[in-house]
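Reviewing the structure listed below.
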Amino acid sequence: MIAKLLPFRSEPAEGLCHREAPSGRTGIRSFAPRRLPAGEPGLPSLPRQRPILLLADREPAALLAACRHLEQAGFEVRRTSTAAETATLFSTVRPDLAVIDSALPDGDGFELCKAIRRTPEGRETPLVIAADAEDYESVRKSQDAGASDFVLRPINWLILSRRLSNLMEADHSRRRLRASRAMLREAEEAAGLASWSCDSSTGRIEWSPEAATFLGLEDPTDGRPEAFLAAVHPDDRPFVEAEIRSAARERRPFAAEHRIRRPSDGTVRFIRHCADFSLDDDGEALWLRGIVQDVTEKVRAEEQIWRLSNLDGLTGLPNRAMLQHLLGYALPRAAHAGRLVAALFLDIDRFEEINERHGPAEGDKLIVEVADRLEQCLRRGDPVAPSPHFERADSLARLSGDEFVVVLTDVEVVDDIARVAQRILDGVSGSYRVGSAEVFIGVSIGIAVSPQDGDEPGLLIQHAQTALFQVKRLGRGSYRFYSETVNDEVAARVDIETGLHRALERNELSLSYQPIMDGKSGAVSGFEALLRWTSSSLGAVPPARFIPVAEESGLIFRIGEWVLRTACRQAEAWAEEGLGSLDVAVNVSTLQLGHAGFADVVRDALRQAGLPPERLSLEITESALLAHDEKTVACLSDLKKSGVRLVIDDFGTGYSALQYLRNFPADGLKIDRSFVDGIVRNPGDTAIVSALIAMSRGLSITVVAEGVETEEQFRHLQSLGCDQVQGFLFSRPLPAEEFRTMLSSGASPGVTEAAV
Ligand code: C2E
Ligand code: MG
Ligand code: MG
């Protein structure tokens, strides 16, 4: 329903999102200036100081006497005694009024009057006929001739001068009225206004010419109300008719905005329509007068503004503001009916990575495709009807980036929500074409349910997002309901992300170095650089807490590069000091490997530090091997060609399949601490470690055992032929200065002579 009463205009036309796209044409309306039709009086000319009176009479002597009276009355008199001269003087002098004898010697005064009326200058001028008889015939003839008045000869000039003055005044008033009507018409046209009136005794409507034109009435003389109602848009007609009827019944003004479909050309326009009664002394309606104004451009501009502020530009879905509005509508109703409302906060797993690799344009296309699939999931009769304003999968909104929210209303049991969440996961996850690649996309969903998780739109959305964070932490691709505990975790995560943004600038990041020892000699052969963050607000935050946040927020790219450059510089600085050409191991996130230009960053870090590539090992977790991604594989082989060593970290913890080792160009692997831990007590762990070492030897891969804490473990590993060892037994990770002191002391850290 578009039509509405005017006082309720605060929100632009409801349901506008279903209309055709607005023309977008807003601003100042231009129109051609209107020319006054020929002969139409414009603004009233200033009255002459002394109006010119043309006096035509057959008796020149009588004229002389008349002149005195008339000049005293303020006229400037021009006399003539013939019809021919009268006509000439009229066109040259253009008198303000004329008195014409009905029987001039050379012609009939009535005919002369008629001829003057036909000239442009004589059309409006007051003309008085002076006739010999006051009979019916003379009166009729002077009316037919277009005379303004009639006097009897012989003329009483005193009386005539009074009558002529009155005539002049009336003429001026008439001209002024016509001019102001013309101005009113111009103003109405400029404002897109037109008017109508309806005589309540006949019930017939009279349209102003403009009204008939812009309503597109086919027959403007058809004054039946039905003819007007036929022009009203069919959807708005019942409302308009009912409203007019009730206004008429109650004798009250009527004001509404509605659409018309112009019968003449079928175009749809929006009009603002106001009407009021003029009542007689008894309060009875005499007239109903109305004004119609074409407000199409204004409505379209409002519609555009409404779209911009309520809909997402990329997908056309409701945006955050509209979502809040929808929830604000749905929550109280659901509470009243004892039903649940669920907000499902959804995002695309690793969207940042996809955007980074394929560019924002492809990222946008993916979002649109995901939005489409989401809509399809919701169209199959879900209990969603939060607003009459939206007919389509109205419960779906896009907040920003890859974040969507689905609202389910009128839900009876939580199981229904879980069912929809699962269907969304099944329907939306899958393969998508991104650029030229086929990419598998997963989504995660956090769910908050009202009333238990919040009865206010903002809070419900926030809690759904909190639940989403938790899904992300626990391994994506699934859904999870909100819980208070999750909220605390998310708050902590938000603190970490906020602090991490400023950590680099504030020099809160540092590296610790843990020695890596040669398995046989026990001498330091290299070190692993481990990132440390001492936040001014949070204190020391362990890497296991902040590195996943850095990855999710994309900060890992900047931070990772800083680690790489710092570690390479440090290794070369110690070498130049004569503390030994130690190998340096740097941990690299899988995200960094997929980032275009990472190999160049590595080469540049080496060049700037002056470190030979073969002294740098990049430690990559097993998940990098699982990402069969063209870009990751290309990046790894590029790095490999540069001479950099690639080491698989935490080997054995992930989905390690030995076949990956065959395909992946690894130079080394680090056996995870958990195997080293059990090596003394658990024969199974011993068997795994020994098999790994044997296999690595066959593949010419170096094996490092990490997390060595006891001499017993070390001896065991030595007996199995492990190439390198690392762990608290030798040294904890040390700040640069302490590591340097350790190196310069020359002693192999932490190892008794017996163990070596
Ligand atoms: P990781 O690469 O496997 O590093 C070894 C972790 O084990 C370090 O923890 C180290 O302090 C700890 N560790 C070493 N020896 C022993 C031992 O004998 N016993 C025990 N219980 N622990 C030992 P840290 O420094 O907390 O680092 C944790 C993880 O954070 C690292 O595991 C690595 O995956 C990640 N990380 C650290 N620095 C960076 C970095 O610069 N970039 C990236 N992407 N990840 C990093
Ligand atoms: Mg490591
Ligand atoms: Mg490790």
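In listed order, ligands and their atoms are each counted from 1.
The Mg ion (ligand 2) has E528 OE2, N587 OD1, E619 OE1, D649 OD2 as its protein N, O or S neighbours under 2.8 Å.
Residues F546 and L531 form a side-chain contact, since some pair of their non-hydrogen atoms from C-beta on lies under 4.5 Å apart. Side-chain atoms of L616 and L606, non-hydrogen and from C-beta on, do get closer than 4.5 Å to each other. Contact annotation: the side chain of V725 approaches that of F730 to within less than 4.5 Å [non-hydrogen atoms, C-beta and beyond].
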What are the atom names and distances for all N or O pairs under 3.5 Å between ligand 1 and the protein?
unit_1   : atom_1 : unit_2 : atom_2 : d
ligand 1 : 2 (O)  : E528   : OE2    : 3.0
ligand 1 : 2 (O)  : N587   : OD1    : 2.8
ligand 1 : 2 (O)  : D649   : OD2    : 2.8
ligand 1 : 3 (O)  : D650   : OD1    : 3.0
ligand 1 : 3 (O)  : E706   : OE1    : 3.3
ligand 1 : 7 (O)  : R673   : NH1    : 3.2
ligand 1 : 15 (N) : Q514   : NE2    : 3.0
ligand 1 : 18 (O) : F728   : N      : 2.8
ligand 1 : 19 (N) : E709   : OE2    : 2.6
ligand 1 : 21 (N) : E709   : OE2    : 3.2
ligand 1 : 22 (N) : R673   : NH1    : 3.0
ligand 1 : 25 (O) : R532   : NH1    : 2.9
ligand 1 : 25 (O) : R532   : NH2    : 3.0
ligand 1 : 38 (N) : L531   : N      : 3.1
ligand 1 : 42 (N) : N587   : O      : 3.3

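The cationic atom of R603 (NZ for Lys, CZ for Arg) does not lie both less than 6.0 Å from the six-membered ring centre of F598 and within 45° of the ring axis.
Under the 3.5 Å distance criterion, the side-chain polar atoms of E456 are matched with a main-chain donor or acceptor of G458. A donor-acceptor contact shorter than 3.5 Å links the side chain of D402 to the backbone of I348.
Here W562 and F557 keep their ring centres 6.0 angstrom or further from each other.
Using cut-offs of 30° and 60° on the angle between ring planes, the pair Y482 and H463 is parallel.
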Practice task
Evaluate the side-chain contact (heavy atoms from CB on, under 4.5 Å) criterion for residues Y479 and I447: first the C-alpha distance (whole Å), next the side-chain angles of each, then the deciding distance (0.1 Å), finally the verdict.
Solution key: CA-CA 7 Å; Y479 66 85; I447 306 169; 3.8 Å; yes
